Engineer: 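Pasting a structure here, questions to come.
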Amino acid sequence: MTLQLHDTLQGKKVPFVPLKEGEVTMYLCGPTVYNYAHIGNARPAVVFDLLARLLRRSYKLTFARNITDVDDKINAASVETGKPIDEITARFITAYNDDMAALGVRPPDIEPRATQHVGEMVAMIKTLIDKGFAYEAEGHVLFDVSSDESYGTLSKRDLREMIAGSRVEVAPYKKAAHDFVLWKPSTPELPGWDSPWGRGRPGWHIECSAMAEKHLGTTIDIHAGGRDLVFPHHENEMAQSSCAHDGAPFARYWLHNGFLSMDQTKMSKSLGNVLLVHELIKTIPGEVIRLALLSAHYKQPLDWSDETLESARRMLDRLYGAVQGVEVSEADRAAADVPGDLIAALEDDLNSPRAMAAFFALAKELNKATDDRKRITLAAQMYASGDLLGLLANDPEEWFAGHATGDLASDDIEALIEKRNAAKAERDFETADIIRDQLMAAGITIQDGREGTTWRRGQG
RNA sequence: GGCUAGGUGGCAGAGUGGUCAUGCAGCGGACUGCAACUCCGCCCACGCCGGUUCGAUUCCGACCCUAGCCUCCA
């Protein structure tokens with residue numbers, strides 16, 4: 001089975017073949033760092049982290065995820081808070097990486113920042129002007145959409161219809177309504193760089209084109225991002241890059257994740273239903289959030305609710321419950337492989353729900369197995385699968401001990417369990433039940449197993 | 001209005017031209033001193049109307065509904 005990916009440009013699922021055998025380049029549109037990432041921002045980070053993990057099994061992957069650190073929203077945040085721009089961006093870059101790490105997102109190979117690539121952007125803009133794809137007007141440089149015949153193919157838009165239905169007010173310096181800004185002038189108090197067109201700052205789209213070119217080459221294998229970026233962001237990137245490169249394709253596969261809604265409604269600040277990852281991870285284990293995000297196929301819309309999280313938490317309890325108590329050595333882990341059906345599910349356009357079904361099948365097999373050797377092998381396979389999915393990274397004992405609020409110390413719990421077991425041995429069930437109720441009241445659940453009594457915080 | 005995705009059981013969410021998704025919840029049973037965990041079994045389904053077919057939830061067409069994009073946005 002080879003990897004199949006749904007390519008937005010072709011509009012269908014196609015076999016993945018990298019440009020260079022054995023090597024893959026991937027670019028993901030990362031955050032604009034003016035605020036904490038919300039749960040919707042986390043979806044592409046998690047989903048394409050999973051893709052990166054899958055790709056690394058078979059290819060030498062170079063994965064870049066950019067940081068947009070020059071943007072009007074950042075400028076606005078600076079004015080609003082009175083804090084310097086550098087301070088704001090530095091703070092939210094750190095927060096973003098910490099928050100994503102909590103969700104099991106591994107750092108990309110390259111994390112290019114827009115402000116460190118202005119020179120490359122200026123060079124690309126010059127090239128576009130020289131080749132007749134861009135023009136200067138009133139201190140702005142604009143991309144001339146009419147010069148690019150293939151404009152609109154990614155988002156499947158007919159330019160004439162778009163112009164007819166346009167609700168946008170056309171800036172006076174534009175030749176045509178859909179020409180977009182490559183470079184714009186800056187006022188003295190705003191960030192700016194010297195350029196052939198005067199002091200200014202780049203438009204939004206050019207940074208990705210310039211940084212992808214610099215770090216990944218003229219044509220990249222995979223370009224990923226949220227659905228909403230298809231137009232105009234990716235359409236414009238594609239136009240800039242392929243025009244600057246004499247028609248060479250910008251990306252060979254375009255991947256876009258679906259939107260996340262909150263209790264059936266769009267997440268938006270005005271509705272006050274924006275969930276920040278930074279806040280969520282204070283009370284909810286990152287793996288629970290990650291699993292919730294992977295519980296739907298990445299292309300599908302995903303509705304986020306308390307039930308989504310609760311269900312994900314119970315799913316993880318079940319998975320951790322299966323491996324709990326099985327001693328798996330480093331050697332066992334090293335020898336283990338991920339089951340074929342789980343790989344096959346992921347290779348089918350990253351079908352994470354199907355992969356989870358395979359994961360649960362493995363857990364069930366482990367729960368049923370009685371032979372110690374077999375149990376170790378299966379548990380090792382579960383850990384190997386977890387490594388691929390970014391789950392099961394905690395020690396099972398810590399998992400069950402960790403995620404709750406009870407104020408009873410672990411030692412006290414162990415002592416009470418010993419007392420209860422002593423009572424049970426004397427068939428004094430009344431005392432045993434009193435102790436169990438006592439623990440239950442403190443949020444501790446007791447489980448009598450063949451190899452002794454285990455406990456977990458939380459009910460269930 | 002245009003474009004792009006969708007509409008599956010109580011919920012979440014895969015998939016398929018004729019036999020099981022999976023998980024959570026619920027029900028019955030086993031295990032247990034009683035529980036919990038676990039196991040076994042069960043319940044509940046494919047928006048609507050036509051068409052193709054021996055047979056469609058799955059293919060085709062119309063319709064209804066939903067979401068996203070068309071303006072900064074993952």
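Chain letters run A, B, ... following the sequence lines, proteins first and then strands; every chain starts at 1. Because the structure is predicted, anything quoted here is derived from the model rather than measured.
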Engineer: Take the protein atom CZ of A/Phe360 and the nucleotide atom C1' of B/A21, then report the distance between them rounded to whole Å.
Structural biologist: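 After rounding, the gap between these two atoms is 13 Å.
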
Engineer: Could you work out which one of B/C72, B/C3, B/C40 sits closest to the side chain of A/Lys368?
Structural biologist: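 Nearest to the side chain of A/Lys368 among the choices is B/C40.
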
Engineer: Compare the minimum distances between each of B/C34, B/C37, B/A14 and the side chain of A/His297, then state the nucleotide with the smallest one.
Structural biologist: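 Out of B/C34, B/C37, B/A14, the nucleotide with an atom closest to A/His297's side chain is B/A14.
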
Engineer: Would you say the side chain of A/Arg456 and the base of B/A36 hold a donor-acceptor pair, judged only by whether the two atoms sit under 3.5 Å apart?
Structural biologist: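 For A/Arg456, whose side chain was compared with the base of B/A36, there is no donor-acceptor pair (under 3.5 Å).
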
Engineer: Looking only at side-chain atoms of A/Asp448, point me to the closest of B/A35, B/G6, B/C69.
Structural biologist: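 Taking heavy atoms from C-beta onward, the closest nucleotide is B/A35.
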
Engineer: Select one nucleotide: of B/C70, B/C40, B/A14, the one nearest the side-chain heavy atoms of A/Arg354.
Structural biologist: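 Given the options B/C70, B/C40, B/A14, the side chain of A/Arg354 is closest to B/A14.
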
Engineer: Strictly under 6.0 Å, is that where the ring centroids of A/His140 and A/Trp183 end up?
Structural biologist: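 Here the rings of A/Trp183 and A/His140 have centres that are no less than 6.0 Å from each other.
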
Engineer: Under 4.0 Å between any heavy atoms, over every strand shown, what does A/Ile446 touch: base, sugar-phosphate, or nothing? Just pick one.
Structural biologist: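 A/Ile446: base contact, heavy atoms under 4.0 Å.
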
Engineer: Answer with base, sugar-phosphate or nothing: what part of the nucleic acid does A/Gln300 contact at a heavy-atom distance below 4.0 Å?
Structural biologist: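 Sugar-phosphate contact only - A/Gln300 comes under 4.0 Å of backbone atoms but never of a base.
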
Engineer: Could you give the distance separating B/U58 and B/C46 at their C1' atoms, to the nearest angstrom?
Structural biologist: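 So the two C1' atoms sit 9 Å from each other.
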
Engineer: NA contact type, A/Asp72, heavy-atom cut-off 4.0 Å: base, sugar-phosphate, or nothing?
Structural biologist: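 It contacts nothing in the nucleic acid.
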
Engineer: So, OP1 or OP2 of B/U4: does either fall under 4.0 Å of a side-chain N or O from A/Lys299?
Structural biologist: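 The answer is no; no side-chain N or O of A/Lys299 sits under 4.0 Å from OP1 or OP2.
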
Engineer: Is any side-chain heavy atom of A/Leu103 closer than 4.5 Å to one of A/Val277?
Structural biologist: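 Contact flag for A/Val277/A/Leu103 side chains = yes.
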
Engineer: Could you work out the separation of B/C43 and B/C34 based on their P atoms and round it to a whole Å?
Structural biologist: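 Between the two P atoms, the distance is 28 Å.
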
Engineer: State whether A/Arg314 places a side-chain N or O below 4.0 Å from either non-bridging phosphate oxygen (OP1 or OP2) of B/A25.
Structural biologist: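 It does, given that an N or O in the side chain of A/Arg314 lies less than 4.0 Å from OP1 or OP2 of B/A25.
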
Engineer: Under 3.5 Å for both distances, Watson-Crick or G-U wobble, that's the pair rule; now give the dot-bracket for RNA chain B, with | marking pairs to another strand and [ ] for crossing ones.
Structural biologist: (((((((..(((.....[...))).(((((.......)))))....(.(((..]....))).))))))))....

Engineer: Expressed as a whole number of angstroms, how long is the span from A/His256:NE2 to B/C70:P?
Structural biologist: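 Value for this atom pair: 13 Å.
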
Engineer: Under 6.0 Å from the six-membered ring centre of A/Phe360 and within 45° of its axis: does the NZ or CZ of A/Arg318 meet both?
Structural biologist: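 No, A/Arg318 and A/Phe360 do not form such a contact.
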
Engineer: In whole angstroms, how far is the C1' atom of B/C39 from the CD atom of A/Glu365?
Structural biologist: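 Rounding to the nearest Å, CD of A/Glu365 and C1' of B/C39 are 14 Å apart.
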
Engineer: Given the side-chain rings of A/Tyr34 and A/Phe92, with only the six-membered ring counted for Trp, is the space between their centroids under 6.0 Å?
Structural biologist: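 No - the distance between ring centres of A/Tyr34 and A/Phe92 does not fall below the 6.0 Å cut-off.
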
Engineer: When you compare the ring of A/Phe259 with the six-membered ring of B/A74's base, are the centres less than 5.5 Å apart and the planes under 30° from each other?
Structural biologist: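 It does: the ring sits over the base of B/A74.
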
Engineer: How is A/Thr308 classified with respect to the nucleic acid when contacts are heavy atoms under 4.0 Å: base, sugar-phosphate, or nothing?
Structural biologist: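 Result for A/Thr308 = nothing.
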
Engineer: Provide the distance between the two P atoms, one in B/U16 and one in B/C60, to the nearest whole Å.
Structural biologist: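 Result for the P pair: 13 Å, nearest Å.
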
Engineer: Please classify the nucleic acid contact of A/Gly40 as base, sugar-phosphate, or nothing, using heavy-atom distances under 4.0 Å.
Structural biologist: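 A/Gly40: base contact, heavy atoms under 4.0 Å.
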
Engineer: Got a sec: does the NZ of A/Lys156 have more than 12 other heavy atoms crowding it under 6.0 Å?
Structural biologist: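 More than 12 heavy atoms, drawn from other residues, nucleotides or ligands, come within 6.0 Å of this atom.
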
Engineer: Looking at A/Lys424, I'd like to know whether one of its side-chain N or O atoms comes within less than 4.0 Å of OP1 or OP2 on B/C34.
Structural biologist: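 No.
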
Engineer: Determine the Euclidean distance between corresponding C1' atoms of B/C42 and B/C48; express it in Å to zero decimal places.
Structural biologist: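 Approximately 31 Å lies between the C1' atom of B/C48 and that of B/C42.
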
Engineer: In this structure, how many angstroms lie between the P atom of B/A25 and the CE atom of A/Met315, rounded?
Structural biologist: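 My rounded result for the distance is 11 Å.
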
Engineer: Taking 4.0 Å as the cut-off, does a side-chain nitrogen or oxygen of A/Asn351 come that near to OP1 or OP2 on B/A14?
Structural biologist: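 Indeed not, no polar side-chain atom of A/Asn351 lies that close.
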
Engineer: Please confirm whether the backbone N or O of A/Gly449 pairs with a side-chain atom of A/Thr453, one donor and one acceptor, at under 3.5 Å?
Structural biologist: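 No; judged by distance alone, with no hydrogens or angles, the pair does not exist.
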
Engineer: Please state the C1' separation for the pair B/A21 and B/A45 - nearest whole angstrom.
Structural biologist: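 To the nearest whole Å, 12 Å.
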
Engineer: Please confirm whether the ring centroid of A/Tyr253 lies under 6.0 Å from the ring centroid of A/His223.
Structural biologist: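 Between A/Tyr253 and A/His223, the centre distance exceeds or equals 6.0 Å.
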
Engineer: Can you identify which nucleotide, out of B/G33, B/A21, B/C39, has its nearest atom closest to the A/Asn367 side chain?
Structural biologist: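 Within the option list, the nearest is B/C39.
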
Engineer: Rounding to the closest angstrom, what is the interatomic distance between B/A14 and B/U57 at atom C1'?
Structural biologist: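 Between the two C1' atoms, the distance is 14 Å.
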
Engineer: Please give the distance between the P atoms of B/A62 and B/C24 as a whole number of Å.
Structural biologist: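 About 41 Å, rounded to a whole number of Å.
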
Engineer: Answer yes if the ring centres of A/His6 and A/His256 are under 6.0 angstrom apart, and no otherwise.
Structural biologist: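 No: the rings miss the under 6.0 Å criterion.
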
Engineer: B/C39 phosphate, OP1 or OP2: any side-chain N/O from A/Arg318 under 4.0 angstrom?
Structural biologist: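 It does, given that an N or O in the side chain of A/Arg318 lies less than 4.0 Å from OP1 or OP2 of B/C39.
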
Engineer: Find the distance A/Leu302:CG to B/G68:C1' and express it as a whole number of Å.
Structural biologist: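 Taking CG of A/Leu302 and C1' of B/G68, I get 14 Å after rounding.
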
Engineer: Between B/U4, B/C34, B/A74, which nucleotide has the shortest distance from any of its atoms to the side chain of A/Leu229?
Structural biologist: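 Nucleotide nearest to A/Leu229's side chain: B/A74.
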
Engineer: Do the charged groups of A/Lys368 and A/Glu365 touch, with an N to O distance under 4.0 Å?
Structural biologist: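 Answer for the salt bridge query: no.
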
